[in-house]
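From a predicted model like this one, the values you see are computed outputs, not experimental measurements. Each ligand, and each atom within it, is numbered from 1 in the order the structure gives. Count residues from 1 along the sequence.
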Amino acid sequence: MTPLNIPEWQSLDRHYSDLKFVSMREQFALDSKRFERFSITSGDLLLDYSKNRITQETMDKLIQLAEAVEIQDWVEKMFKGDAINITEGRAVLHTALRNRSNNPVMVDGKDVMPAVNAVLEKMKRFCDQVHNGSWLGFSGKKITDIVNIGIGGSDLGPAMICDALEPYGIDGMKVHFVSNVDGTDLSTTIEHLNPETTLFVVASKTFTTQETITNAQSARNWFLKEGKPDDVAKHFVAVSTNAKEVAKFGIDTDNMFEIWDWVGGRYSLWSAIGLPIALYTGMDVFERLLDGGHQMDNHFRTQPLPENIPVVMGMLGVWYINFFNSQTQAIVPYDHSLARFPNHMQQLDMESNGKFINRTGARINYKTGPVIWGTPGTNGQHAYFQLIHQGTQLIPVDFVLPVNSHYPDCDHQSILLANGLAQAEALMKGKTAEEVRAELVNEGYEGSALEALLPHKVFPGNRPSNVLLFPKLTPEMLGQLVALYEHKVFVQGVVWNINSFDQWGVELGKQLAKAIVPDLKDGAEISAHDSSTTQLIKLIRELRQ
Ligand code: F6P
């Protein structure tokens, strides 16, 4: 079923024609309660969505569309473990990983919670051993450096969380992430490390990912320059669903932390894929992250749709993507420690909703997932905000604003926050030609000089943004934020009638790369390719040293 035929979608289409020229500035002037009307809190987290191109009628219609696609039924299906990942025949249960209520969650008639809890328990035992020194390196020294080797969901989420939770890091413990098969990544990481005190976590759901296995093999070779093969067990652990491949690689399966096929890669930081987080911060902090995720799950599952943060954010996204024709969504955290947050969101959103086929296998004739991008504020202001303010595209922005810093000694927070708020205000208000004229006159401009400069200084405004505001970036808050975006992506996938939980689009490149590797060998017969690829292979062979 295409959403284009749903009466609520068509009603939004008509509403869009009426609303597209309505100015937010005027709406704010007319309604002193606009902030109260268009903001939601969940615990300590506030979503202010009043600076969007909406009226109450818009929100009513968006919520009616969410109801029409039976969003609440889909939410229940997901939480209850139905196999909603239809192309892989799998349940989608990242919510079970952070199910702190411990209520049973059934998959194929079996409660998954005992297995989830057993792995959490195993992670805790292991982390405690590493931290208290009962797990030592081969020469009897304490582990000081964790190197996570993984890619995609087995890297981005844990790396982002470790950066963000740096203030919670255990003294003396450092964490590193190696993902790229470019040897530079591994080489520049290990060149400063001591194999006696380094623990590698090889994180791969499938344990067949070329980049991860290549990096892990090279890491083992590096280790074996000093350690003996028997010492590998003390320095390499694995996180995977695939015990056979883990054993084949040479890691003792006692040192393997299990995950399950119902955990999607980009949703896996809550599972044992989060082991580097727990090793870095301690299991108690990791559990606080899970608590935050669970809190957002409860909000998502129980709050009425108009008061439901992921639903409201998801539907606002649909409003811009499908009616205003927006192509991208910026996520701009005003917190330097969230530098990798947009990267994680990129995989989460684009791998989930970058689809052109609907759940029934038919081609889609409407837009789905946007391009997700962003970097921390204020840096982004001095790079790409020009285009967001005065460019020709409509780019909705999420501003993520923690009120308090973990580093109060360096008290820049007022300046940071003022900038975040100012950007959202400027995007909404803009600056009219009359306002620019008055400013220029004030500055002494007149005549043709004034007229020439004036249009360049006009800001059209009416550009939408959300503000997510919270007291401090605690583990619980971080858990809430990540879970919020996961659910937002899910809501949009339901509206677009796509399976948000497979990722076939990454397979073709992997297949072709495997075929090209032998072609790059000197003297090898080059297999069949287009002429461009063949010539590039030949050139690479010539240029190779
Ligand atoms: O390339 C896509 C992908 O399958 C992601 O979905 C996944 O997060 C990543 O590769 C890594 O996969 P694995 O954990 O199996 O190594």
(message) Once ring pair (Phe, Tyr, Trp, His ring centres under 6.0 Å) is applied, what residue pairs with a partner in residues 91-127 remain, sequence neighbours excluded?
(response)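 As it turns out, the ring pair (Phe, Tyr, Trp, His ring centres under 6.0 Å) pairs with a partner in residues 91-127, which skip direct neighbours, are H94-Y267, F126-W135, F126-F257.
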
(request) Please name all residues satisfying side-chain hydrogen bond (donor to acceptor under 3.5 Å, both in side chains) with D252, sequence neighbours left out, ordered by chain then number. (result)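 With sequence neighbours excluded, D252 shows a side-chain hydrogen bond (donor to acceptor under 3.5 Å, both in side chains) to no residue whatsoever.
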
(request) Applying ring-ring contact (aromatic ring centres under 6.0 Å, His included), run through F341 and Y485 and close with a yes or a no. (result) CA-CA 11 Å; F341 191 74; Y485 276 95; 5.7 Å; yes

(request) Would you please name every residue forming a side chain to side chain contact (heavy atoms under 4.5 Å, CB included) with I213, sequence neighbours left out? (result)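 For I213, the residues satisfying side chain to side chain contact (heavy atoms under 4.5 Å, CB included) (neighbours in sequence not counted) are F207, Q217.
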
(request) Assess the side chains of D182 and T184: does a donor N or O sit below 3.5 Å from an acceptor N or O? (result)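 Result is yes, a qualifying pair exists.
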
(message) Taking CG in D108 as the centre, count heavy atoms belonging to other residues, nucleotides or ligands within less than 6.0 Å. Is the count above 12?
(response)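 Result for CG/D108: open.
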
(message) Show me, by chain and number, every protein residue that has a heavy-atom distance under 4.0 Å to ligand 1.
(response)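 Heavy-atom contacts below 4.0 Å: I151, G152, G153, S154, S204, K205, T206, T209, G265, Q347, E351, Q503, V506, K510.
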
